[in-house]
Amino acid sequence: MSEPSQFQAPVGTHDVLAPESAQWEGLVATFAHYAHLYGFSLVITPVFEDVGVFHRGIGEQSDVARKEMYVFKDRGERLYALRPEGTAPVVRAFVQHQPTTPFKAWYFTPAFRYERPQAGRYRQHHQLGVEVLGTGDPAVDVEVITLAQRFYEALGLTRFRLLINSMGHLECRGAYVELLRSHLEAHAEELCDEHQKTWRTNPLRVLDCKNAACVAVTAKGPMLIDHLCEDCRTHFSAVREGLSRLGVANELNPRLVRGFDYYTRTTFEFVSDALEGAQNAIGGGGRYDGLVEQLGGKPTSGIGFGSGVERLLIAREAEGITTPLLARQLDVFVVDTTHEDVATLLLDRLRAAGLASDRAYDQRSMKAQMKVADKSGARLALLVGPQELAAGEVTIRDLRSADFGQTQQRVSQEDVVSTIVQLLRMK
RNA sequence: GUGGGCGUAGCUCAGUUGGUUAGAGCGCCAGGUUGUGGUCCUGGAGGUCGCGGGUUCGACCCCCGUCGCUCACCCCA
């Protein structure tokens with residue numbers, strides 16, 4: 001393999017430039033707004049952690065831990081992993097700092113998984129999410145799920161569904177897994193090739209298999225939802241009832257088994273019907289009542305969800321939603337042909353007054369600068385040439401109108417900012 | 001990890017059965033208008049045809065390898 005003559009973004013990663021980056025900015029701002037409305041505060045944790053955080057967090061047997069983590073040793077021989085998901089690091093931080101509960105945090109973070117990229121799947125993708133630690137109240141399950149629902153609605157999404165299931169708590173799930181395992185054992189030869197090998201170590205995964213053979217086997221077998229203990233059943237119906245009361249439609253999907261081992265009780269996934277193929281999950285999450293203990297803390301309930309930024313943007317596009325998530329507009333564009341760089345001073349004053357302003361550089365011709373002004377999308381152009389300079393004035397030009405005889409005016413340099421503010425207010 | 005499709009200007013793409021100096025549209029720059037953008041006209045810059053090797057008198061075109069992009073499986077956001 002030879003050295004690349006030109007560098008490019010690593011496989012499965014991508015750069016986000018304007019104008020697309022405005023969508024990202026708007027998306028994150030919208031989420032931050034909703035998180036705030038629901039009483040969440042921002043949490044920022046490192047993008048890399050001791051591998052143990054993830055091994056113990058998401059489970060040694062999960063696909064992500066087994067084969068998808070970016071693991072590396074630093075110069076001090078410490079073994080780290082780039083975060084493959086957002087929950088485990090937040091829980092680690094919770095255990096470390098022991099904040100008062102309930103601890104409600106939201107995050108926006110890149111996540112890394114070493115897998116082959118395809119539509120809607122990357123090696124570095126980005127997630128928005130929330131976590132609540134310190135309460136097992138089903139009202140929190142409802143709150144977290146509703147936050148996701150309202151956020152998606154705010155993005156303009158309509159063609160998505162909420163799938164929900166209960167994984168039970170550690171004991172009733174453990175009992176069920178044994179039940180399932182013996183069922184699978186009896187029908188092991190009927191399973192698909194993949195699960196013939198793995199059903200013993202990770203029996204729950206078989207429930208999620210789309211292969212007809214596996215579906216046939218599990219259809220005859222026990223479903224976890226039918227084997228929940230009294231408490232888990234009560235919790236689950238409280239959650240579903242709470243959602244219904246808020247008008248949040250939800251479908252029970254007893255096969256919904258999410259990829260991380262830490263989930264207990266409520267698990268859910270939002271799928272977009274606008275997205276083709278397997279990459280249709282726009283968000284998902286659930287309760288993880290044993291995770292804090294797994295990471296060395298006291299027994300503490302927790303629940304959260306994460307949502308993929310790239311998936312959400314693709315889903316919006318697939319639904320044909322064209323309204324921008326962030327509409328940014330430049331107020332003023334300064335065209336300076338004096339060769340004395342009056343622009344620098346003018347811009348400083350405009351910006352100090354809170355006006356978004358830009359300029360052309362390199363002392364280009366007026367025509368060239370006007371072209372740039374036009375493309376900038378600014379509403380007004382500020383023209384300063386030798387004439388204006390001599391008179392101590394500037395010309396204000398409305399870039400939205402065709403004839404400049406009518407819509408152009410000269411004002412003194414002292415009045416520039418106030419005149420512009422007034423003009424912009426009129427529009 | 002497995003398999004399919006594709007790599008020609010900044011972008012979207014043409015390129016005849018392998019045959020001279022590789023094209024278009026858009027974008028960019030300049031001029032038409034020595035103080036005025038969006039339309040129009042004219043001109044210009046810009047390409048080791050992903051990279052390496054092979055076949056051939058001759059390769060963008062054929063063959064092999066490689067890298068990358070893309071789609072699917074698996075799994076997930």
Side-chain angles (χ1 to χ4, degrees), chain A residues 1-14 17 58 62-68 83-87 108-129 148 192-195 197-198 202 205 208-211 256-260 269-272 275-285 305-315 333 335-338 360 362 364-378 380-389 395-405 407-408 410:
Chain A
M1 202 199 305
S2 60
E3 286 294 310
S5 56
Q6 262 198 35
F7 294 113
Q8 47 182 314
V11 175
T13 69
H14 54 135
L17 281 61
I58 66 185
S62 69
D63 280 19
V64 168
R66 265 171 39 229
K67 52 188 191 188
E68 295 179 1
R83 60 163 47 156
E85 57 97 43
T87 300
F108 166 53
T109 180
F112 306 85
R113 291 178 202 167
Y114 191 89
E115 34 186 1
R116 283 286 285 272
Q118 74 186 75
R121 203 185 65 186
Y122 311 95
R123 286 188 174 174
Q124 176 176 344
H125 74 279
H126 299 78
Q127 290 192 22
L128 295 160
C192 73
D193 294 348
E194 166 76 13
H195 288 115
K197 286 177 281 184
T198 61
N202 203 349
R205 275 256 70 84
D208 201 32
C209 185
K210 279 113 199 158
N211 186 290
L256 181 66
V257 178
R258 297 184 41 80
F260 304 137
E269 198 166 288
F270 285 90
V271 295
S272 168
L275 296 181
E276 304 285 323
Q279 273 72 245
N280 65 346
I282 54 176
F305 84 88
S307 211
V309 173
E310 289 85 350
R311 294 260 175 101
L312 288 171
L313 291 173
I314 295 170
F333 194 94
V335 171
D336 178 355
T337 54
T338 61
D362 302 319
R364 301 219 274 150
S365 72
M366 176 166 238
K367 176 176 176 150
Q369 292 194 44
M370 283 302 289
K371 276 189 152 184
V372 183
D374 184 50
K375 258 173 235 129
S376 78
L380 300 172
L382 219 57
L383 283 59
V384 205
Q387 287 174 29
E388 286 87 350
L389 186 63
T395 296
I396 301 172
R397 167 126 171 70
D398 186 345
L399 285 169
R400 300 238 174 118
S401 59
D403 63 315
F404 59 90
T407 59
Q408 204 165 283
R410 296 253 304 239

If you go through the side-chain atoms of [X], does one of them form a donor-acceptor pair with the base of [N] closer than 3.5 Å?
X	N	result
A:Q8	B:C67	no
A:Q118	B:C74	yes
A:Q408	B:U36	yes
A:K375	B:G27	no

Who pairs with [N] - Watson-Crick or G-U, where each distance is under 3.5 Å:
N	answer
B:C62	B:G54
B:G7	B:C67
B:G31	B:C41
B:A24	B:U12
B:C75	none
B:C49	none

Integer angstrom distance from the P of B:A9 to that of B:G47: 11 Å

Can you figure out which of [options] approaches the side chain of [X] most closely?
X	options	answer
A:V11	B:G68, B:G37, B:C75	B:G68
A:A119	B:A72, B:C75, B:U36	B:A72
A:Q279	B:C75, B:G37, B:A77	B:C75
A:L383	B:A30, B:U36, B:A77	B:U36
A:E115	B:G38, B:A77, B:A30	B:A77

Minimum heavy-atom distance A:Q369-A:R364, with the two atoms named: NE2-O, 2.9 Å

Nearest non-hydrogen partners of A:L399 and A:A373, listed with the distance: CD1-O, 3.9 Å

Distance, rounded to the nearest Å, where A:R123 contributes CZ and B:U70 contributes P: 11 Å

Spatial distance of atom CZ (A:F270) from atom CZ (A:R311) [nearest 0.5 Å]: 15.0 Å

Whether over 12 other heavy atoms sit under 6.0 Å from A:Y114 OH: no

Residue whose nearest RNA chain B nucleotide is more 5′ - A:D374 or A:S307: A:D374

Most 5' of A:E68 and A:P386 on RNA chain B, judged by nearest nucleotide: A:P386

Touch class at under 4.0 angstrom, heavy-atom based, for A:E388 against every strand present: base

Salt bridge present between A:R205 and A:D208 (N-O < 4.0 angstrom): yes

Phosphate contact (B:A30 OP1 or OP2) by A:R364 side-chain N/O below 4.0 Å: yes

